[in-house]
Amino acid sequence: FHLILNLAIGGTWGGQQGIDDSAFPAQFKIDYVKVYEASQLSSYDRLLPVHYKSYQNYPNPFNPVTTLHYDLPEDALVNITIYDMMGRQIKTLINNQQTAGYRSTQWNATNNTGQPISAGLYFYTIQAGEFRETKKMVLLK
């Protein structure tokens, strides 16, 4: 685990008035740090996205696997399809009903028959309810 703390020194955003050196040396003491588990934050477990959203795949460019993240604010029929530059369907990753939440799926650069595909530019389309979005990704070999 990592904890990042920021201590700003100087007045009016960034020390425009200069820094009073007579204040140093000084100590920055932390009284305590409290760590919560998700089970202790019962409302956190029930939080759902407010809007449909798809994120850029990661990593991109990728080889051999990439992950696609998307948000579903409500239960919906989800279809995620990969296309090549010519618009030909390469792979259907998901085509089923899913419950609301923060979702992800992976693609291992294979087509619908399980064969590896060649390096290049590909597009993926996510459809859920009235939402539809297309993004591009690059497979490097």
TODO: For the pair Q127 and T81, evaluate side chain to side chain contact (heavy atoms under 4.5 Å, CB included) and give the outcome as yes or no after the intermediate values.
DONE: CA-CA 9 Å; Q127 290 180 267; T81 306; 5.8 Å; no
Open item on the list: For Y58, is the OH atom crowded, meaning more than 12 foreign heavy atoms sit under 6.0 Å from it?
Closed with: no
Open item on the list: Going by salt bridge (Lys or Arg N to Asp or Glu O under 4.0 Å), name the pairs with one or both residues in residues 71-90, residues two or more places apart or in two chains.
Closed with: D84-R88
TODO: Search all heavy atoms of P49 against all heavy atoms of G101 and return the closest pair with its distance.
DONE: CG-O, 3.6 Å
Task: Minimal non-hydrogen separation, H69 against S104, with atom names - done: ND1-CB, 3.3 Å
Task: Euclidean distance, H51 NE2 relative to L48 CG, rounded to 0.5 Å - done: 13.0 Å
Task: Closest contact, heavy atoms only, T125 versus T134 - done: OG1-OG1, 3.0 Å
Open item on the list: Tell me the closest heavy-atom pair linking K141 and N63, and the distance in Å.
Closed with: CA-ND2, 3.6 Å
Open item on the list: Please check this pair: side chain of N108 against backbone of P64, looking for a donor-acceptor N/O pair closer than 3.5 Å.
Closed with: no
Open item on the list: Donor-acceptor check, side chain of N112 to backbone of G114, threshold 3.5 angstrom: yes or no?
Closed with: no
Task: Atom NZ of K136: over 12 foreign heavy atoms under 6.0 Å - done: no
Task: Exercise: identify the closest heavy-atom pair between G129 and A76 - done: N-CB, 4.1 Å
Open item on the list: Could you list the cluster mates of Y102? Members are the ILVMFWY residues connected by side-chain heavy atoms closer than 4.5 Å, either directly or through other members.
Closed with: none
- [ ] Please go through L68's hydrophobic cluster and name the other residues, only I, L, V, M, F, W, Y counting, with side-chain heavy atoms under 4.5 Å joining them.
- [x] Y52, F62, Y70, L72, V78, I80, I82, I90, L93, I94, W107, I117, Y122, Y124, I126, F131, M137, L139
Open item on the list: With a sphere of 6.0 Å drawn around CD of Q97, does it hold more than 12 non-hydrogen atoms of other residues, nucleotides or ligands?
Closed with: yes
Task: Point-to-point distance, once rounded to the nearest 0.5 Å, from OG1 of T92 to OH of Y83 - done: 7.0 Å
